[in-house]
Each structure stands twice: as C-alpha cells, then as structure tokens.
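The next block holds one structure in the form of structure tokens; read it before the comments.
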There are 2 protein chains.
Amino acid sequence: MLAGFRTLADRATVELGRRGYPDVRPVHDFALHAIRSGAQNASELGRATSVTKQAAARTISTLEQRGYVSRQVDPADRRKMRLMITERGHSLMSEGEAVFEELRNQLELDVGAEALEQAEAVLRTLVGENAVRLDSPGWSTGGLDGDE
Amino acid sequence: MLAGFRTLADRATVELGRRGYPDVRPVHDFALHAIRSGAQNASELGRATSVTKQAAARTISTLEQRGYVSRQVDPADRRKMRLMITERGHSLMSEGEAVFEELRNQLELDVGAEALEQAEAVLRTLVGENAVRLDSPGWSTGGLDGDE
DNA sequence: TGATATAGACAACCAAGTTGTCTAATCTGG
DNA sequence: CCAGATTAGACAACTTGGTTGTCTATATCA
C-alpha cells in the first residue's frame, strides 16, 4: 500500500501530542526546519517549502501564536519580518527528532537494520528524482496540470 | 526526508490527469477500491476508509458527479443507497493500476528489484502494524488526542 | 406497538492550501 | 534624484477534504 509515510508522520504527531506539544502538525515541524536552515521571512519560507507566501505567512502566524517562533521587523529592510525560533520552538524540534529516532529504532527492531537502510535508500531515490522540480506550488492539491 | 509516498501518489495523479482523468485525486481511487471490495453504501465506505459517513457521502457525491459511480436506492433497505461502479469507474481503476505499475517499474529500474521488494516489505510492516487500529476517525487532521 | 438504532442529508465549522487585490518599502535606471 | 518596477506581507474570498451536530426516514427488536 501507499500510506507508509503518512503512518510515520501521524504516529510522530500523536506521540508529540502526548509529550506536551498537543497542537503541532507535521507542517509545523517542517516549517521550523526550513526556518532553521535559512528561511528568514515568510516569502523565503514559502519558496523553501513550495507553497505560496500567503500560506507560509499563515503557518508562521499560527506558529507564532503557539509560541514556537517570534517575529520582528527586519531593521535592514522594513518590509520583512525576520523570523526567530524561540526556546520552545527549539525544544519542540529536538523532541520531534527524538520521537522520530525512536520510531525509526522501533522499526529497525521489527525489520532489521539492513532492510531499513535499503528502504530508506529507495525512498531517497524516489524523492531525490523530483527534488529537482520542487518548484510549482500546489503539487498536492490544486495543480494537476502536469506542466506540459 | 519523508515525502516518499506523497511523491508517488502525486506523480500517479498527474499521469492520470494526462491520460484523460483530470479530476481524480488519490482519495477517489482509494474510495473506488473500497467500494469494489465490498463497501456498498456511504456508511460502509466511511467505516472502510476510517472517515465519517458524511465525508464518505461527499466523496461519493463527487464521484457520482464525475461519472465514476452510480447510486440507487437499495430495494431491500430503503434507507440505503446502493453503490455501483460505472464503466468509466472501472476503466479509471485499471488505468490507475497501470500507471502505478509503470511507476513501480521505473523505480525498479532505478533501484533494483531486490531493493524495491525489500523496501515494500518494510513499508508493509510499517502500515501493517497500525492497520490494527485503523479505527478512530481523524487520524490526520483533527484528532491528536492519542486515545489515553 | 413503541423504543431504539441505522442510513443518509444538511448546515456550520476547521485546516491548509489557492488566487487576486492592495499597501508599504526597497531597488533600479534614466 | 525621482519615477517605475519589484518585493514583502496583509486581507479577503474560495476550494478540498475532513469534522461535529442536528434531523428525517426507515428498520429492527422486545
């Protein structure tokens, strides 16, 4: 079947909820990662996550409400709102990584180390191929045009 | 990263669009499969796909609009609307399977037959584990309660 | 027969996206 | 140096797939 990753992400979400981050979804973690690795404002975040800047701004604002990031006007360019990950944001991220690690370990127990690595390699190939064209927003919902 | 299956499903969607089924999403195919393997009305479909009956009814009605299923009152129990997959519905499904087959073959070329099988086995384990508790609606959106 | 359960419809809502329009700030080029 | 273009971000309206909650019609059970 095809629900593999969904499964993983869902479990991580539930587990994170159990550990005191009840209102976090995969998207949020995803966004935090993008911010940590360089996206400093809404537009950049949008580009980094292949989403319109409006959607990114929305994600940011919920992240801000929940206390995971803070925003302040960029002194150098006053159009921009510079993003910073808060303490709580950082602990969410490390907790998230820990949870993932645990899930991965569990799976490794179930299935064997080699098998798991093999599987990861395959999946990497799969996403690697189209990482090239992570452009076009709306790959999952709207689009469907298939860029002829 | 973790977008492996998404990737696969998205590509299949795009490819199907290209082949004359432009308004089909993974959900729809998923629902058709559930119907084919026994779900005869909205409530059953909902149960089968771990979704409320209302959501299922909605999916059905778009599927009906697009001409993939038809509905008629069940003569034996006039509360029920019996579902039938139309000709077009069947061809969608086989086209869908063909596309998937092709994608799988492509991946097999890229990565080798054994590796692919191994990966599939791992993923099967992953989803298999929690197939047991495919109950609780809302695993992906609302929930988060983690059934304490 | 009457209480209860089930099927499905309808309405209101949510989350995460999308467009499209708009203002404010910055950049660029004549 | 200033006019025009570009960019950042906000706001509003809409879409999809899902959720409750309420309601009617039909079945079923005691």
Side-chain angles (χ1 to χ4, degrees), chain A residues 3 6 9-10 13 22-31 34 39-66 69 71-83 135-145, chain B residues 3 6 9-10 13 22-31 34-35 39-66 69 71-83 134-145:
Chain A
R6 189 102 92 178
D10 289 349
T13 307
D23 46 11
V24 181
R25 302 253 178 312
V27 212
H28 301 141
D29 197 62
F30 194 42
Q40 286 191 327
N41 53 61
S43 297
E44 277 176 33
L45 177 59
R47 285 191 284 267
T49 58
S50 307
V51 125
T52 54
K53 61 183 176 175
Q54 288 84 346
R58 230 135 105 141
T59 304
I60 289 169
S61 89
T62 87
L63 242 25
E64 190 186 21
Q65 276 172 24
R66 315 251 220 261
V69 304
R71 296 184 320 162
Q72 81 184 29
V73 176
D74 185 331
D77 182 343
R78 299 212 308 286
R79 289 170 306 181
K80 298 183 185 169
M81 296 296 278
R82 177 181 247 111
L83 301 175
D135 35 290
S136 69
W139 39 267
S140 180
T141 20
L144 289 192
D145 36 31
Chain B
R6 190 101 93 177
D10 289 349
T13 306
D23 46 10
V24 181
R25 304 253 178 310
V27 212
H28 301 141
D29 197 60
F30 193 42
I35 293 170
Q40 285 191 328
N41 52 61
S43 298
E44 276 177 33
L45 177 60
R47 285 191 286 266
T49 58
S50 307
V51 125
T52 54
K53 60 184 177 174
Q54 289 83 345
R58 231 139 100 146
T59 304
I60 289 169
S61 90
T62 86
L63 241 25
E64 189 185 22
Q65 275 171 26
R66 316 252 221 261
V69 304
R71 295 185 320 160
Q72 81 184 30
V73 175
D74 184 330
D77 182 343
R78 300 213 309 286
R79 290 171 306 182
K80 298 183 184 169
M81 296 296 279
R82 178 181 247 111
L83 301 174
L134 251 186
D135 35 290
S136 69
W139 39 268
S140 179
T141 21
L144 287 192
D145 37 31

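For clarity, every value in this text was computed on a predicted model and none was experimentally measured. All values below come from the heavy atoms of this structure, side chains included, with hydrogens, waters and symmetry mates left out.
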Could you check how far [atom1] of [X] sits from [atom2] of [N], rounded to whole Å?
{"X": "A/Glu64", "N": "D/dG9", "atom1": "CD", "atom2": "P", "answer": "12 Å"}
{"X": "A/Arg25", "N": "D/dG18", "atom1": "CZ", "atom2": "C1'", "answer": "12 Å"}
{"X": "B/Asn41", "N": "D/dA25", "atom1": "CG", "atom2": "P", "answer": "20 Å"}
{"X": "A/Ile60", "N": "C/dA15", "atom1": "CD1", "atom2": "P", "answer": "18 Å"}
{"X": "B/Leu45", "N": "C/dG8", "atom1": "CG", "atom2": "C1'", "answer": "13 Å"}
{"X": "B/Leu63", "N": "C/dG8", "atom1": "CG", "atom2": "C1'", "answer": "17 Å"}
{"X": "A/Gln40", "N": "D/dG9", "atom1": "CD", "atom2": "P", "answer": "11 Å"}
{"X": "A/Asp74", "N": "C/dT26", "atom1": "CG", "atom2": "P", "answer": "9 Å"}

Closest nucleotide among [options] to the [X] side chain:
{"X": "B/Arg79", "options": "C/dA25, C/dA5, C/dA9", "value": "C/dA5"}
{"X": "B/Val27", "options": "C/dG17, D/dG18, C/dG8", "value": "D/dG18"}
{"X": "A/Ala57", "options": "D/dT19, D/dA10, D/dA8", "value": "D/dA10"}
{"X": "B/His28", "options": "D/dG17, D/dT19, C/dA7", "value": "D/dG17"}
{"X": "A/Val51", "options": "D/dG18, D/dA8, C/dG17", "value": "C/dG17"}

Please classify the nucleic acid contact of [X] as base, sugar-phosphate, or nothing, using heavy-atom distances under 4.0 Å.
{"X": "B/Ala55", "answer": "base"}
{"X": "A/Thr62", "answer": "nothing"}
{"X": "B/Arg71", "answer": "sugar-phosphate"}
{"X": "B/Lys53", "answer": "base"}

Output the distance between atom [atom1] ([X]) and atom [atom2] ([Y]), rounded to the nearest 0.5 Å.
{"X": "B/Asp74", "Y": "B/Asn41", "atom1": "CG", "atom2": "CG", "result": "8.0 Å"}
{"X": "B/Ile60", "Y": "B/Ile35", "atom1": "CD1", "atom2": "CD1", "result": "5.5 Å"}
{"X": "A/Leu45", "Y": "A/Gln40", "atom1": "CG", "atom2": "CD", "result": "11.5 Å"}

- Query: Where is the tightest heavy-atom contact between A/Leu63 and A/Ala31, given as atom of each residue plus distance?
  - Reply: CD2-CB, 4.0 Å
- Shortest non-hydrogen pair, A/Ala42 vs A/Ala56, comes out as O-CB, 3.5 Å
Indicate whether OP1 or OP2 belonging to [N] is found under 4.0 Å from a side-chain N or O atom of [X].
{"X": "A/Thr52", "N": "C/dG17", "answer": "no"}
{"X": "A/Ser43", "N": "D/dG9", "answer": "yes"}
{"X": "A/Arg47", "N": "D/dA8", "answer": "yes"}
{"X": "A/Thr59", "N": "C/dA15", "answer": "no"}

Base [N] paired with [X] side chain (donor-acceptor, <3.5 Å):
{"X": "B/Arg78", "N": "D/dT26", "value": "no"}
{"X": "B/Gln54", "N": "D/dG17", "value": "no"}
{"X": "A/Arg58", "N": "C/dG17", "value": "yes"}

- Task: Using heavy atoms to find the nearest nucleotide of DNA chain D for B/Ala56 and B/Asp77 separately, return the residue whose nucleotide is more 5′.
- Result: B/Ala56
- Stepwise, does the side chain to side chain contact (heavy atoms under 4.5 Å, CB included) test hold for A/Met81 with A/Val73? CA-CA 4 Å; A/Met81 296 296 278; A/Val73 176; 3.7 Å; yes
- Query: Under 4.5 Å between any side-chain heavy atoms of B/Pro75 and B/Arg82, yes or no?
  - Reply: yes
- Just report the end-to-end axis angle for the helix from C/dT1-D/dA30 to C/dG30-D/dC1, five pairs per end, to 10 degrees. 10°
- Note on the structure: So the salt bridge (Lys or Arg N to Asp or Glu O under 4.0 Å) pairs with at least one residue in residues 48-65 of chain B (sequence neighbours excluded) are B/Glu64-B/Arg71
